[in-house]
Amino acid sequence: MNSKRLEIGVGAFVMAGMLALVVLAFNASGFNFARDDRSYFLYARFENLSGLSERAKVSLSGVIIGRVVSIELDTEDYVAVVKMAIDKNVPLSTDTSASILTAGLLGEKYIGLSVGADEEHLMNADEIADTQSSIVLEELIGQFLFSRSE
Amino acid sequence: MKPSGVMIHHYLLNGLRRMGINALDVCAGFGRASWFLLQSLTWGKGFKAPFARLVLQVYQLGVLSLPIILVAGLFVGMVLALQGYHVLVGYGSQEAVGQMVALSILREFGPVMSALLFAGRAGSALTAEIGLMKATEQLSAMEIMGVDPLKRIMAPRLWGGIICLPLLNLMFCVLGIYGGALVAVDMLGIYEGSYWANMQGSVEFYGDIVKGVIKSLVFALVVTWIAIFHGWNAQPTSQGISRATTATVVQASLAILALDFVLTAVLLGGF
């Protein structure tokens, strides 16, 4: 009887440990995000990403609707090609524009989308044509100094 | 030569000799501990129900350590969220508090704090238990009966510790992250979605969670090893047991903190 109770206690302990691992895997590391059956993929070309990384957020009006899946360099035009996974429940019009933004003053980079007025929607594997690269602080300062010196 | 010169010569030689003796002692201690570890890692053959003894140790080391680990995890997570919020709010990025809490708990606080608490709660108990077995000559009695105490007593304890601490670490992390959510979301009013989404955007399963478990496994081996070795190596007197228990807690804590630096450097690939 006593050893039975012991085994039950130990079994519950080990199971709780395993459960903790599962909770961490799904809740903390977001294993379940951007699964193929719940999202569709869009591409966008940017001249300069400057700090945008994989798994960065894609937001629309401040609401996160997807993530950056992969970043590649197009060696013909030398621009960055960003692949994004977007929530299936969010249809985007074909004249949607994408820009790289910074959260707060020192925050991380994310992609901000703004929808247009077009009636047609972007489909899986379409490309967002209207993109705006992130503002590089050094370039801004350079332009400012250049314009002052004239 | 003047007599004072001879005296200095004498003191120097004596000091050198003492240093040599101490160094040899330390060396012998490490040798004995390594042999002890190798012997204790393997089960002997022909014992009845080794599994039952392992279950008993998992109960004693793991289940009985649960309250302190869980409560500590909860409070560590809560205080991290509070501290992080007050720093991050100055930059207007208080939404990142979830990510900060989760990363610091999974990478550092979880493995290190649970190992330190484990050393204090379970390690000291192990040393005292085995030390008392030695003082009451139970270990010698076993040897006379032809039972190897390293296999019979030490092996289940060592493996029990190695099984328990990673599980305790995982539970510590879960409680810490939910404790952080309690403070950040319910008390400080951070939007719940951004607390979890920021966390999920930055925490990686292999890079953070699995590496934390690897750290915890190493700590478990070292802490349990130190604890049972000091019990086995203790002077069989009441003072000797008390000294061995103190040595366990001190050495295990230092070993955890020093190893944590080494492991972090290796796992992050900084060197």
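Any value given below was found using the heavy atoms of this structure, including those in side chains, with hydrogens, waters and symmetry copies removed. Sequence lines set the chain letters: A, B, ... in the order given, protein chains first and strands last, and positions in each chain run from 1.
Counted within 6.0 Å of CD on B/Glu129, heavy atoms from surrounding residues, nucleotides or ligands total more than 12; the atom is thus considered enclosed. Around the OH atom of B/Tyr85, the shell of radius 6.0 Å holds more than 12 heavy atoms that belong to other residues, nucleotides or ligands. Within a 6.0 Å radius of CD in A/Glu47, other residues, nucleotides and ligands contribute 12 heavy atoms or fewer. Few gaps surround CD on A/Glu127; more than 12 heavy atoms of other groups in view lie less than 6.0 Å from it.
Once rounded to the nearest 0.5 Å, the distance linking CE of A/Met18 with CG of B/Leu170 reads 9.0 Å. The distance from the OH atom of B/Tyr59 to the CD1 atom of A/Ile8 is 11.5 Å, given to the nearest 0.5 Å.
With a threshold of 4.5 angstrom between heavy atoms, B/Leu88 does not approach chain A through any atom at all. Proximity to chain B is absent for every atom of A/Val63, based on heavy atoms less than 4.5 angstrom apart. Contact of A/Val23 with chain B is made through the side chain alone, with heavy-atom distances under 4.5 Å. Looking at B/Leu56, both its backbone and its side chain come within 4.5 Å of chain A, counting heavy atoms on both sides.
Residues B/Met171 and A/Phe13 have side chains in contact (heavy-atom distance under 4.5 Å, counting atoms from C-beta outward).
Across every non-hydrogen atom of A/Glu7 and B/Val55, the tightest pair is CG-CG1, 3.9 Å.
When the candidates B/Cys164, B/Ala102, B/Ser202 are compared by the number of heavy-atom contacts under 4.5 Å with chain A, B/Cys164 comes out ahead.
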Verdict with supporting geometry, A/Leu24 and B/Ile177, side chain to side chain contact (heavy atoms under 4.5 Å, CB included): CA-CA 9 Å; A/Leu24 285 181; B/Ile177 286 169; 3.7 Å; yes
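Residues that satisfy the ring-ring contact (aromatic ring centres under 6.0 Å, His included) test with B/Tyr178, not counting sequence neighbours, are B/Trp196.
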